[in-house]
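Atom set for the values below is all heavy atoms of this structure, side chains included, hydrogens, waters and symmetry mates excluded. Note that the structure is predicted; figures quoted are calculated from it, not measured.
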Amino acid sequence: MTAEPPLPARPGDTPARPAAAPVRTAPATTTPVTTTPVPAAATAVTAATGRSPGPQAGDRVAIRPETAQDHEGVHLLHTRAFGDDGRVSRLVEALRGARAGAGPLSFVAVLDGAVVGHVLLSGCRLDAPRRIVDVLSLSPLGVLPEHQGRGIGTRLVRHALAAAEDTGAPLVFLEGDPGWYGTRGFEPATPAGFRSPSLRIPGPAFQVARLSAHEPWMTGTFVYSEPFWALDCVGLRDPEA
């Protein structure tokens, strides 16, 4: 689920509509951006464009872990970014308390003391042939409408992938615009050997980032955690069905 890049309107995605998604297939003081090494997947932006994916907003934007003081700002951010009835914000609230695997990992982009972007990584599962594998979902990703198009979403994704790498997670999944996420470390998940958790997820929107802990046997069906299902934040609904 996104609320910055152009994606199908849907909360799990990840920029304004537009991890985790479809595209699904996601918040007070500023502190320096952490210097966690960026995984190879996250350097795809530079490789594809020939330039650093840093934000046009400049060095005043800082990426840091979300704190309790950010919750209200994050709630308002996603409500505006996704233009929904607050469902994405409710998903964030539910995922904060959903302890599974390495998640949740929540980061905000702060500009002049205000939260302007947010990304969340939460624990999910991969039903692999050998055993269940703890993986992560990047969803939602949101940037305030007036700050979209400045590279803040790109920085949040890069930071999230670096954090995921640091936890030892092997895979990060999302539902999102393949054109946008495909230059930011993600690839189509189905051709890579993974099965979507729902037929309502458009095939190209089901994306994955394979990190250094991934092993060839880690294929199979991706399974969202309960909050995504409880809040109906998986795939796209057909209003005429």
Side-chain angles (χ1 to χ4, degrees), residues 1-4 11-15 18-21 24-28 30-42 61-71 73-75 77-78 81 88-110 115-126 133-143 152-176 181 184-186 207-214 222-228 231 233:
M1 199 178 285
T2 305
E4 184 183 89
D13 204 37
T14 299
R24 239 191 40 67
T25 171
T30 62
T31 56
V33 179
T34 59
T35 57
T36 304
V38 179
V61 174
I63 310 296
R64 61 165 174 77
E66 179 195 38
T67 68
Q69 288 69 40
D70 299 319
H71 289 184
V74 170
H75 179 94
L77 180 153
H78 286 302
V88 176
S89 295
R90 293 194 295 275
L91 176 64
V92 171
E93 292 168 2
L95 290 174
R96 285 190 187 113
R99 301 292 173 178
L105 299 172
S106 187
F107 302 100
V108 292
V110 180
V115 173
V116 298
H118 172 250
V119 67
L120 181 66
L121 292 165
S122 60
C124 293
R125 300 285 189 268
L126 180 72
V133 179
D134 287 322
V135 298
L136 292 169
S137 170
L138 190 156
S139 178
L141 165 65
V143 176
I152 295 172
T154 295
R155 279 190 66 186
L156 284 167
V157 170
R158 182 176 62 173
H159 192 90
L161 287 179
E165 177 75 26
D166 194 49
T167 68
L171 299 158
V172 179
F173 290 86
L174 60 76
E175 295 176 49
Y181 286 103
R184 290 162 176 81
F186 288 82
Q207 302 275 301
V208 66
R210 290 185 277 188
L211 306 181
S212 61
H214 177 256
F222 172 61
V223 183
Y224 278 113
S225 61
E226 174 57 22
F228 285 94
L231 291 167
C233 290

- Test item: R184 side-chain N/O and G153 main-chain N/O as donor-acceptor pair under 3.5 Å: no
- Message: Could you tell me if the side chain of H78 sits less than 4.5 Å from the side chain of L120, heavy atoms only?
- Response: no
- Could you pull out the closest heavy-atom pair between L77 and V143, with the gap in Å? CD2-N, 4.1 Å
- Query: Roughly how far, to the nearest 0.5 Å, is the CZ atom of F173 from the OG atom of S137?
  - Reply: 9.5 Å
- Query: Between A213 and G168, which heavy-atom pair has the shortest distance, and what is it?
  - Reply: CB-O, 3.3 Å
- Message: Is there a side-chain contact between F186 and L138 in this structure, where contact means two heavy atoms from C-beta onward sitting under 4.5 Å apart?
- Response: yes
- Message: Looking at every heavy atom in both C124 and S225, which two are closest together, and how far apart are they?
- Response: SG-N, 3.7 Å
- What's the shortest heavy-atom distance between A169 and L136, and which atoms? CB-CD1, 3.7 Å
- State, yes or no, whether a side-chain contact exists between R125 and D134 at a heavy-atom distance under 4.5 Å. yes
- Note on the structure: Output for pair (L156 CG, I63 CD1), nearest 0.5 Å, gives 4.0 Å
- Task: Determine whether L171 and R210 make a side-chain contact, defined as any pair of heavy atoms from C-beta on separated by less than 4.5 Å.
- Result: yes
- Query: Which heavy atom of V61 sits nearest a heavy atom of A109, and at what distance?
  - Reply: CG1-CB, 4.1 Å
- Message: Working to the nearest 0.5 angstrom, can you tell me the gap between L231 CG and E226 CD?
- Response: 9.0 Å
- Taking the six-membered ring for Trp, are Y224 and F222 parallel (under 30°), tilted (30 to 60°) or perpendicular (over 60°)? perpendicular
- Non-hydrogen side-chain atoms of V88 and C233 separated by less than 4.5 Å: no
- Query: Considering only heavy atoms from C-beta outward, does the side chain of H71 approach that of E66 to under 4.5 Å?
  - Reply: yes
- Query: Do you know the tightest heavy-atom contact between A160 and L121?
  - Reply: O-CD1, 3.3 Å
- Query: Within a strict 4.5 Å, meaning less than it, do heavy atoms of the D70 and H118 side chains meet?
  - Reply: no
